[in-house]
Amino acid sequence: MRFYMKQKVFSWGEKFTIKDEQGNDCCYVEGEVFSMGHKLHIYDAQSREVAYIRQKVFSFRPRFFISMEGTSEELELVQRFTFFKQEYYIENSSYLLEGNFSAHNFILKSNEGVAMSVDKEWFTWGDSYVIDIRDSADALMCICIMLAVDCANADAAQTASSST
């Protein structure tokens, strides 16, 4: 199944809309404006909160905690230290997210194979992603992972631009 994730550019805080293959809104994301670190609330089409993502602020590498409705377990997404590509893993699981150096393509792998592939679109206002997910049961988890990675990439871009 395919989803399209698009960032709203001119808004307070981080806002995304996520559409399905037919172009229907399936969920939307709102970030908290005045908070330490990223905090994102994910809502379904009926405006019910289905997931929450928060960033661990004081950490050497980017680290995000993902809470999803219907699960008591919190996922912990951690960036690995690598030189030539982006790599994230989920604590206590077999999932590994690999991205290229330009942060435009990602693949989420597990023991069962490729769970998700992501392509970031070029030359768009705000970040836009095309997300292909193998199993519909993993859709919310995969979307949350990409939201956290987008936050980490935004932080890295802001750090790079402020250091020059």
Side-chain angles (χ1 to χ4, degrees), residues 1-8 11-22 24-82 85-99 103 105-120 127 129-156:
M1 80 187 313
R2 179 170 280 183
F3 293 94
Y4 301 93
M5 186 168 81
K6 174 85 173 131
Q7 180 182 25
K8 292 184 179 179
S11 64
W12 282 93
E14 297 160 309
K15 293 188 185 219
F16 290 86
T17 55
I18 294 130
K19 298 182 181 284
D20 62 14
E21 290 177 280
Q22 290 76 33
N24 302 318
D25 288 347
C26 60
C27 56
Y28 63 97
V29 180
E30 291 185 358
E32 294 182 14
V33 179
F34 300 108
S35 66
M36 292 290 290
H38 297 276
K39 293 180 180 162
L40 304 176
H41 300 269
I42 297 91
Y43 301 95
D44 65 8
Q46 290 76 36
S47 298
R48 292 185 317 243
E49 186 172 0
V50 293
Y52 175 68
I53 303 169
R54 66 181 170 83
Q55 179 183 16
K56 183 175 182 181
V57 180
F58 300 108
S59 179
F60 179 66
R61 302 296 312 153
R63 183 178 297 261
F64 294 86
F65 298 97
I66 301 169
S67 303
M68 294 180 292
E69 180 183 84
T71 61
S72 59
E73 191 174 307
E74 188 174 59
L75 300 177
E76 185 175 353
L77 181 71
V78 183
Q79 184 179 29
R80 284 194 174 148
F81 183 76
T82 59
K85 63 180 180 177
Q86 289 190 349
E87 211 172 81
Y88 295 84
Y89 65 95
I90 297 175
E91 287 280 339
N92 303 320
S93 79
S94 64
Y95 286 107
L96 177 68
L97 181 72
E98 295 178 336
N105 299 305
F106 292 93
I107 295 176
L108 180 66
K109 299 177 184 177
S110 71
N111 291 339
E112 293 84 34
V114 175
M116 170 181 71
S117 64
V118 178
D119 294 315
K120 184 174 181 183
D127 293 332
Y129 298 94
V130 178
I131 304 171
D132 288 308
I133 301 170
R134 182 187 67 208
D135 187 359
S136 62
D138 294 334
L140 182 60
M141 177 192 70
C142 291
I143 288 170
C144 289
I145 288 169
M146 277 316 301
L147 287 164
V149 169
D150 183 76
C151 289
N153 288 341
D155 287 347

Colleague: Applying side chain to side chain donor-acceptor pair (under 3.5 Å), name anything that partners Asp127, two or more places apart in sequence or on another chain.
Modeller: Lys120
Colleague: Say you draw a straight line from CG of Leu77 to OH of Tyr95; how long is it, rounded to the nearest 0.5 Å?
Modeller: 12.5 Å
Colleague: Please check: side-chain N/O of Glu14 versus main-chain N/O of Gly31, any donor-acceptor pairing under 3.5 Å?
Modeller: no
Colleague: Once rounded to the nearest 0.5 Å, what's the spacing between atom CD of Gln7 and atom CG of Leu147?
Modeller: 10.0 Å
Colleague: Applying ring-ring contact (aromatic ring centres under 6.0 Å, His included) as the test, list every pair that has at least one member in residues 57-81; sequence neighbours left out.
Modeller: Phe81-Phe83
Colleague: Let me confirm one number: the CG-CD1 distance from Asp150 to Ile53, rounded to the nearest 0.5 Å.
Modeller: 10.0 Å
Colleague: Check residues 108-118 and write down every donor-acceptor pair under 3.5 Å in which the side-chain atom is one partner and the other belongs to a residue at least two apart or another chain.
Modeller:
residue, atom, partner, partner atom, Å
Lys109, NZ, Glu98, OE1, 3.0
Ser110, OG, Glu112, N, 3.3
Ser110, OG, Glu112, OE1, 3.0

Colleague: Can you list the steps and then say if Leu97 with Gln86 is a side chain to side chain contact (heavy atoms under 4.5 Å, CB included)?
Modeller: CA-CA 8 Å; Leu97 181 72; Gln86 289 190 349; over 6 Å; no
Colleague: Does some side-chain heavy atom of Phe16 sit less than 4.5 Å from a side-chain heavy atom of Lys8?
Modeller: no
Colleague: Between Gly37 and Gln55, which heavy-atom pair has the shortest distance, and what is it?
Modeller: CA-OE1, 3.5 Å
Colleague: Suppose we screen for salt bridge (charged side-chain N to carboxylate O under 4.0 Å, His left out). Which residues come up paired with Glu69, at least two apart in sequence or across chains?
Modeller: none
Colleague: Would you say CD of Glu73 has more than 12 non-hydrogen atoms from neighbouring residues, nucleotides or ligands within 6.0 angstrom?
Modeller: no
Colleague: Please report the closest heavy-atom contact between Ile133 and Ile131, naming both atoms and the distance.
Modeller: CG1-CG2, 3.7 Å
Colleague: Could you tell me the separation between the CD1 atom of Ile66 and the CD1 atom of Ile90, rounded to the nearest 0.5 Å?
Modeller: 6.0 Å
Colleague: Can you tell me how far apart CD1 (Ile145) and CG (Leu75) are? Round to the nearest 0.5 Å.
Modeller: 7.0 Å
Colleague: In the structure I gave you, are the side-chain heavy atoms of Asp25 and Ile18 within less than 4.5 Å of one another anywhere?
Modeller: no
Colleague: Do Glu91 and Arg63 have side-chain heavy atoms sitting under 4.5 Å apart?
Modeller: yes
Colleague: Any heavy-atom pair between the side chains of Ile143 and Phe3 that's under 4.5 Å?
Modeller: yes
Colleague: If only side-chain N and O atoms count, and only distance matters, is there a donor-acceptor pair under 3.5 Å linking Glu76 with Asn92?
Modeller: no
Colleague: Kindly state each residue pair satisfying salt bridge (Lys or Arg N to Asp or Glu O under 4.0 Å) with at least one member in residues 34-53, sequence neighbours excluded.
Modeller: Asp44-Arg48
Colleague: Can you tell if the side chain of Val149 reaches within under 4.5 Å of the side chain of Tyr129, non-hydrogen atoms only?
Modeller: no
Colleague: Please list, chain by chain and in numerical order, all residues satisfying salt bridge (charged side-chain N to carboxylate O under 4.0 Å, His left out) with Arg80, sequence neighbours excluded.
Modeller: Glu87
Colleague: Do Glu32 and His41 meet the criterion of a side-chain donor-acceptor pair at a distance under 3.5 Å?
Modeller: yes
Colleague: Counting C-beta onward and ignoring hydrogens, is there a side-chain heavy-atom pair between Lys15 and Tyr28 closer than 4.5 Å?
Modeller: no
Colleague: Answer whether the closest heavy-atom distance between the side chains of Cys27 and Val50 falls below 4.5 Å.
Modeller: no
Colleague: NE2/His38 to CZ/Arg54 distance, rounded to the nearest 0.5 angstrom?
Modeller: 14.5 Å
Colleague: Give a yes-or-no answer on whether the side chains of Tyr4 and Asp20 include a donor-acceptor pair shorter than 3.5 Å.
Modeller: no
